[in-house]
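Here is the structure we will look at, set down as structure tokens.
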Amino acid sequence: MPILVFIESAEGAVKKSSAEAVSYASAMAAQMGEKEIIAIALGNEVPEESLANLGKHGATKVLQVSDERLNQGVIQACAAVLHQAMEKTGSDILVLAKSSLGDPVAARVAIKQQAALASNIVALPNLDEGFVVKRSIYTGKAFTYVKLNANKKILAVKKNAVDLKEDGNPVTVETFEAVLSDADFNVKITKVEKAEGEVLLPEADIVVSGGRGMKGPENWGMLEDLAKVLGAATGCSKPVSDMGWRPHHEHVGQTGIKVSPTLYIAVGISGAIQHLAGVNSSKYIVVINQDPEAPFFKAADYGVVGNAFDIVPKLTEAIKASKN
Amino acid sequence: MKILVCITHVPDTTSKISFTDNNTKFNSNGVQYIIGPYDDYALARAVELKEQSGGSVTLLNVGGSETEPTLRKGLAIGADEAIRVNAEPTDAFFVAKQIAAVVKEGSYDLVLMGRESIDYNGGQVHGMVGELLNMPSVSPVMQLDLEGDTAKVAREIEGGKEYLELKLPLIAGCQEPIAEWKIPNMRGIMTARQKPLKVQEAVSDETMTSTLRYELPPPKSGVTLFQPDQIKELVDALKNEAKIL
Ligand SMILES: Cc1cc2nc3c(=O)[nH]c(=O)nc-3n(C[C@H](O)[C@H](O)[C@H](O)COP(=O)(O)OP(=O)(O)OC[C@H]3O[C@@H](n4cnc5c(N)ncnc54)[C@H](O)[C@@H]3O)c2cc1C
């Protein structure tokens, strides 16, 4: 039976996390001997060519629901469409990226489909003892192996759970007609405030994050410069967003965004357990802190003990030099 | 205005996590339990809304009798009454079923809970309850104000915020800065003892998943330190060992 993948977009482009979800579905299909991976995109903002390119990541077909009302992520409407798509395509597994839209949508589809749902998945399923997934729990401090007992399954996949597949070929994009009622849009989106042209924090491969040691918002320029040469997103500790130095959507940790990038660079952050909870699934951690006793060094792969104001500009220059 | 606040009973955020019985059970030895931090924000906002426009705040937890001190703490913070559904919260679907039954029975106008629990990190329950009751659900909510039967909500999205208007009743998964955490005062703690705490049995025992075992991440192998004048060496390590740049 086909595997369905929910595609999210940002600024008219397919999100990288969704491309990863397609790669995940493709690797899982190979395990199960399935052939069909159907990606479904909602709204009409993403150009057909980009959708066709989902084939590179492993999709065998792409469906697009070109209803303009779906350009904004209305949770109930998205859930209604995915439910219909699972029915019409005969899919018994839905894969999506864990995200601020993916999570609540998955929950509603799970009820409609009477499906078993697991989120925060960090690896491909194990099919030896039923259908078992590994998920991250206790905010990154542990993992659990969960068996999904229903015939239908929904998997919300965490960033970096599988490598991005890029060796497939573009595929055809077909229109999917969904039946939507006004009741599916009973939420009015009055305004959207969104940083444009920025690397999104949960999507980023590299994150440059600053803490109270940065002394004030006026000093963020050097972190932004470093982020720029790395193509990174910027993050911060909780007190930094509490004091309004940085917007809340950059707050990383137990009560903020949980990131799992390839590289996390922490500057002037002490490494409180609640901050570490949000970053401990990063592949590599670099810590810059003037206090050699800062707890963050215990969780780091690389560290520099010293003044951030001196080290960060040097690091930016050294990276620039290494790229030439 | 009848508000229901669903809270989890979870290990304190500084807890060291470990498992027993061949990694099949959480080791609660020496662990302090708290109201889930996200649920705590939801409760704080519920109490503020009650102070502004009247009504009542009911707390709900699905759990064994060991969660009662956590419910009492919520009563001390300002909830009026509490319900405990006497069952192990085995999975998100099971918990959502219990909550949906309580919401239906009590005809609540607003159901608040945290965006996710900090033990299971599912982030699923609010959406499931919404779907079970055919009500709108929104999460993660950073701002929530009421104007008559309309809720004005700010929801966090990647890279920003989305402002929404929707009609009550509704379910919201909350996070900061919806309100500031409230610390119970002496009077709150005293009156909490007299407030009603009702225990009821589960309405169904259906689950969709089962937990087989737990695992801890492998320990970090230790940090490699560079001097402030060795930044080039750091960059080389990132390039050659970590293969990032
Ligand atoms: C329930 C709960 C949830 C929480 N959730 C979160 C969360 O999600 N995210 C989070 O981050 N925190 C969270 N916290 C707060 C957390 O406990 C810490 O207070 C917070 O992470 C500290 O932030 P910080 O490291 O920026 O500041 P500090 O602890 O003040 O550390 C500043 C660091 O900067 C260093 N420094 C100072 N000057 C320089 C310089 N010139 N150069 C280099 N280094 C310098 C210092 O040595 C110090 O290590 C939570 C707390 C609780 C109780």
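Here is how names work: the chains are called A, B, and so on, in the same order as the sequence lines, proteins then strands, and each is numbered from 1. Just so you know, these numbers use all the heavy atoms, side chains as well, and skip hydrogens, waters and symmetry mates.
- Around CD of B/E215, the count of heavy atoms belonging to other residues, nucleotides or ligands within 6.0 Å exceeds 12.
- Using a 4.5 Å cut-off between heavy atoms, A/A79 makes no contact with chain B at all.
- Shown here is B/D145, whose CG atom has more than 12 heavy atoms of other residues, nucleotides or ligands within 6.0 Å.
- Proximity to chain B (any heavy atom under 4.5 Å) is restricted, for A/A115, to the backbone atoms N, CA, C and O.
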_Assess the residue pair A/Q254 and B/T13 against the criterion (side chain to side chain donor-acceptor pair (under 3.5 Å)); give the C-alpha distance rounded to whole Å, side-chain angles, the decisive distance to 0.1 Å, and a yes or no._
CA-CA 8 Å; A/Q254 178 98 54; B/T13 54; 4.8 Å; no
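- Checking side-chain atoms of B/R213 against main-chain N and O of A/T144 turns up no donor-acceptor pair under 3.5 Å.
- The nearest pair of heavy atoms linking A/V286 to B/L238 is CG2-CD2, 3.9 Å.
- For the pair B/K232 (side chain) and A/S322 (backbone), a donor-acceptor distance under 3.5 Å is absent.
- Of the listed residues (A/V287, A/V105, A/I75, A/L200), the one with the most heavy-atom contacts under 4.5 Å to chain B is A/I75.
- Heavy atoms of A/V132 lying under 4.5 Å from chain B belong exclusively to its side chain.
- Using a 4.5 Å cut-off between heavy atoms, A/L276 makes no contact with chain B at all.
- When A/G73, A/A318, A/G303, A/A116 are compared by the number of non-hydrogen pairs under 4.5 Å with chain B, A/G303 comes out ahead.
- Interface check for chain A: of the options B/M208, B/Q227, B/E131, B/H126, the most heavy-atom pairs under 4.5 Å are formed by B/E131.
- Residue contact with chain A, scored on non-hydrogen atoms closer than 4.5 Å, involves the backbone and the side chain of B/P217 alike.
- The candidate from A/K194, A/E193, A/K153 with the greatest count of non-hydrogen atom pairs under 4.5 Å with chain B is A/E193.
- Residue A/A106 does not touch chain B at all, counting heavy-atom pairs closer than 4.5 Å.
- Proximity to chain B is absent for every atom of A/Q72, based on heavy atoms less than 4.5 angstrom apart.
- Looking at every heavy atom in both residues, B/D119 comes nearest to A/I137 through O-CB, 3.3 Å.
- Proximity to chain B (any heavy atom under 4.5 Å) is restricted, for A/K298, to the backbone atoms N, CA, C and O.
- Atom CD of residue B/E116 and atom OG1 of residue A/T139 lie 6.5 Å apart, to the nearest 0.5 angstrom.
- For a residue to count as touching a neighbouring chain, one of its non-hydrogen atoms must lie under 4.5 Å from one of that chain's; by this rule A/A277 does not touch chain B.
- Nearest heavy-atom pair across A/G306 and B/P228 is CA-CG, 4.5 Å.
- Near-neighbour residues of residues 27-46 of chain B relative to chain A, defined by a heavy atom under 4.5 Å from a heavy atom of that chain, comprise B/P37, B/Y38, B/Y41.
- If you measure heavy-atom distances from A/K15 to chain B, the contacts under 4.5 Å come from the side chain alone.
- Summarising the geometry of A/P104 relative to B/S139, their closest heavy-atom pair is CG-O, 4.1 Å, with the distance given to 0.1 Å.
- Here A/L148 contributes atom CG and B/S210 contributes atom OG; the two are 8.5 Å apart, rounded to the nearest 0.5 Å.
- Comparing B/K16, B/Q230, B/K220 by heavy-atom pairs within less than 4.5 Å of chain A, the highest count is held by B/K220.
- Ranked by non-hydrogen atom pairs under 4.5 Å with chain B, the options A/F297, A/Y284, A/F131, A/Y145 are led by A/Y145.
- Using a 4.5 Å cut-off between heavy atoms, B/P11 touches chain A through its side chain atoms alone.
- The candidate from A/I288, A/I111, A/I257, A/V146 with the greatest count of non-hydrogen atom pairs under 4.5 Å with chain B is A/I111.
- For chain A, the option among B/S221, B/G127, B/G159, B/S137 with the highest count of heavy-atom pairs below 4.5 Å is B/G159.
- For a residue to count as touching a neighbouring chain, one of its non-hydrogen atoms must lie under 4.5 Å from one of that chain's; by this rule A/P202 touches chain B with the side chain only.
- Among B/K239, B/E158, B/M128, the residue with the largest count of heavy-atom pairs under 4.5 Å with chain A is B/E158.
- Side-chain contact between A/L117 and B/T209 is absent, with no heavy-atom pair separated by less than 4.5 Å.
- Contacts between A/A299 and chain B at a heavy-atom distance below 4.5 Å involve the backbone alone (N, CA, C, O).
- Summarising the local packing, NZ of A/K188 is surrounded by 12 or fewer heavy atoms from other residues, nucleotides or ligands at distances under 6.0 Å.
- Contact count against chain A (heavy-atom pairs under 4.5 Å) is highest for B/R155 among B/R155, B/E241, B/M142.
- Top candidate by heavy-atom pairs under 4.5 Å with chain A, chosen from B/A237, B/P136, B/G222, is B/P136.
- By a heavy-atom distance cut of under 4.5 Å, B/G160, B/K161, B/E162, B/Y163, B/L164, B/E165, B/L166, B/Q175, B/E176, B/P177 are the residues of residues 160-178 of chain B near chain A, going up by number.
- Distance check, rounded to the nearest 0.5 Å: CD of B/E156 to NE2 of A/H251 gives 9.5 Å.
- The ring pair (Phe, Tyr, Trp, His ring centres under 6.0 Å) test applied to A/F296 returns A/H275, not counting sequence neighbours.
- Between the CD atom in A/Q76 and the CG atom in B/N134 there is a gap of 7.0 Å [rounded to 0.5 Å].
- With a 4.5 angstrom heavy-atom cutoff, B/I244 touches chain A only via side-chain atoms.
- For residues 206-245 of chain B, the set of pairs meeting the ring pair (Phe, Tyr, Trp, His ring centres under 6.0 Å) definition, not counting sequence neighbours, comprises B/F19-B/Y214.
- Atom OG of A/S119 sits about 6.5 Å away from atom OH of B/Y120, to the nearest 0.5 Å.
- The nearest pair of heavy atoms linking A/Y138 to B/N121 is N-OD1, 3.1 Å.
- Residue A/H249 comes nearest to B/I157 through the heavy atom pair CB-O, 4.5 Å, listed as atom of the first residue, atom of the second, then distance.
- To the nearest 0.5 Å, the span separating CG on A/L315 from CD1 on B/I231 amounts to 6.0 Å.
- In this structure, chain B has heavy atoms under 4.5 Å from both the backbone and the side chain of A/D301.
- Within 6.0 Å of atom CD in B/E233, more than 12 heavy atoms from other residues, nucleotides or ligands are found, so the atom counts as buried in its surroundings.
- Annotation for B/N240: atom CG counts as buried by contact number, over 12 foreign heavy atoms lying within 6.0 Å.
- Only the side chain of B/L234 comes within less than 4.5 Å of a heavy atom in chain A; its backbone stays farther off.
- Here A/N186 is the residue among A/T262, A/N186, A/N280, A/L201 with the most heavy-atom pairs under 4.5 Å with chain B.
- Without hydrogens or angle criteria, A/D103 side chain to B/Q124 main chain gives no donor-acceptor distance under 3.5 Å.
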